[in-house]
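A quick write-up on the structure given underneath.
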Amino acid sequence: VHSSLPRCGRLLSTSSRCRTVMPAWVIDKYGSNEVLRFTKNASFPIINYPNEVIVKVFAAGLSPIDVAMRGGYGAATLSMKRDPLNIKQSGSEFPLVLGRDVSGVIMECGLDVKHFREGDEVWAAIPPWKQGSLAEFVLLSANEVSHKPKCLSHIEAAAIPYVATTAWSALVNTGGLRKDNCANKRILILGGSGGVGTFAVQMVKAWGAHVTVTCSQNAEQFLRGLGADHVVDYTAGPVEEPLSALEKFDLILDNVGGDTESWALKLLKPWSGAKYVTLVTPFMQNTDRLGVADGMMQSAATVASKALKHLMKGVHYRWGFFAPSGCALDEIRDMVDAKQIRPVVEETFSFSQVPQAFEKVEKGHARGKTVVQIS
Ligand code: NDP
């Protein structure tokens, strides 16, 4: 399965040839920050399928999902994905490496990988059922990987893939937006100042939409700088009141959840194909709580009944999900190279400061992304 390229090649010193272990931050059980453990003996990834690549990690992005997964979020659902036949013992996911964004360099390619070569600079969003990027190396499928924008450093590049592929999946795949159908569309982004919001604002603005965001008052100038046309402070009182006074919207991206569903769909233009897409769904909680089969049935029933209820009022209700995609990242790279999108790195931590990086993400109030420099 392996390519004829030497395993260590020019990217690794001869002392690292034929390594079986690598440095990584791992967890051995779910819990709060003290479960994070640094080890120099994490398993070195092995190519098992011909479409896989090993990437040497230069920078890793952290997201709220890493904090949630550290605490056990999605454990049942992700275990099913890792072990569909359910033949492994409970806890077989440990030691688990977190970190969903990677920017780095291809170190080794499986035999069927044609689009990448050893030494290529790449970026990727890592699916949550795979080992993450808080390690010296990570294993990915080639279709999850994309050549990184040349104009970005690895730190900057690691701020984009997870939030970008999430926003892409929600806005393009679920919301039906494209670069050629956004002109004159009115888009509302609830929760504009975090990782997903700062990316989504720039993306739809670049495609010509009129963009309204909600955020705290102290993020207003920051979001106007990213292209928001209209900013509404959610801390000044019930945010639905100022939003209701505005012209109605063609699409709402909800990064906030909670009670937003009770008022947000009334802000859409009825009977015009307008959509509400929320990223805050009970999907994982349902499968964690009820088991995979019952949890999926519960989720299907919930989303179907809500979609039907809102369809009768002339608007579309949808759930959005992260979807790994090298192809989406290729398109996003072109937008970054064209200076239509810039990375928003709020804070950078060294590899030895991973617990502090988790503390930062856990505090909330993000203004962009938290990134860890790995090497
Ligand atoms: P971040 O933590 O990076 O950002 C959240 C932002 O929302 C912060 O800037 C926060 O700032 C702001 N905020 C908090 N409360 C409100 C409010 N009531 N109104 C407006 N803004 C608010 O999160 P991400 O951007 O990475 O993710 C956003 C959401 O999307 C999360 O809930 C995440 O779990 C979910 N998500 C879901 C995915 C899926 O596959 N379904 C994938 C990725 C993310 P402040 O508190 O200072 O106002």
Side-chain angles (χ1 to χ4, degrees), residues 61-71 73-74 77-78 81 99-101 125-129 158-171 173-175 188-203 212-223 226 228 230-243 252-264 277-287 299 303 318-325 328 343-347 357-371:
L62 280 191
S63 305
I65 192 175
D66 293 304
V67 174
M69 282 177 65
R70 188 201 63 198
Y73 171 79
T77 319
L78 298 172
K81 189 76 186 162
R100 306 269 63 90
D101 293 289
I126 305 166
W129 54 89
I160 292 182
Y162 183 71
V163 291
T165 45
T166 298
W168 189 276
S169 165
L171 294 169
N173 303 343
T174 309
L188 170 61
I189 296 174
L190 298 170
S193 53
V196 177
T198 51
F199 181 86
V201 169
Q202 297 185 82
M203 184 173 124
T212 301
V213 297
T214 64
C215 64
S216 300
Q217 194 266 332
N218 67 10
E220 175 170 353
Q221 287 314 314
F222 167 62
L223 280 161
L226 293 174
H230 193 87
V231 179
V232 178
D233 172 16
Y234 80 89
T235 62
V239 72
E240 55 272 35
E241 289 175 14
L243 288 173
I252 298 174
L253 176 66
D254 187 353
N255 302 317
V256 173
D259 74 345
T260 50
E261 280 185 32
S262 62
W263 48 263
V277 183
T278 181
L279 285 172
V280 187
T281 79
F283 179 81
M284 288 276 213
Q285 287 95 328
N286 284 345
T287 43
S299 292
V303 74
R318 299 276 188 274
W319 286 358
F321 295 100
F322 158 76
S325 169
V344 186
V345 180
E346 184 182 13
E347 197 165 348
F358 271 81
E359 278 169 17
K360 159 77 188 82
V361 176
E362 199 161 10
K363 275 185 198 145
H365 306 299
R367 298 289 178 267
K369 291 287 299 183
T370 297
V371 179

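In listed order, ligands and their atoms are each counted from 1.
By heavy-atom distance, the residue among S193, A366, G257, G194 lying nearest atom 12 (C) of ligand 1 is S193. For atom 20 (C) of ligand 1, the candidate residues are Y162, Y234, F222; the nearest heavy-atom contact is made by Y234.
Checked against a 3.5 angstrom limit, the closest N/O atoms of G192 and ligand 1 fall outside it. In terms of N/O distances under 3.5 Å, ligand 1 is approached by F322. Backbone and side-chain nitrogen or oxygen atoms of V163 are examined, and none is located within less than 3.5 angstrom of a nitrogen or oxygen of ligand 1.
Residue L190 places every heavy atom at 4.0 Å or more from ligand 1. Residue S63 places every heavy atom at 4.0 Å or more from ligand 1. Within the structure, ligand 1 has V256 among the residues with a heavy atom less than 4.0 angstrom away.
Looking at atom 7 (O) of ligand 1, its nearest protein heavy atom turns out to be G191 CA, 4.2 Å. Looking from atom 35 (C) of ligand 1 to the surrounding protein, the closest heavy atom is L279 O, 3.9 Å.
Taking CG of L190 as the start and CD of E240 as the end, the distance is 10.5 Å to the nearest 0.5 Å.
S299 has its side chain out of reach of T287: every pair of non-hydrogen atoms, C-beta onward, lies at least 4.5 Å apart.
When distances from atom 16 (C) of ligand 1 to the protein are checked, a heavy atom turns up under 4.0 Å.
Ring pair Y162/F322 is tilted by interplanar angle, where 30° to 60° counts as tilted.
Under the side-chain hydrogen bond (donor to acceptor under 3.5 Å, both in side chains) rule, T260 has a single partner from N255, T214, T278, D254, which is D254.
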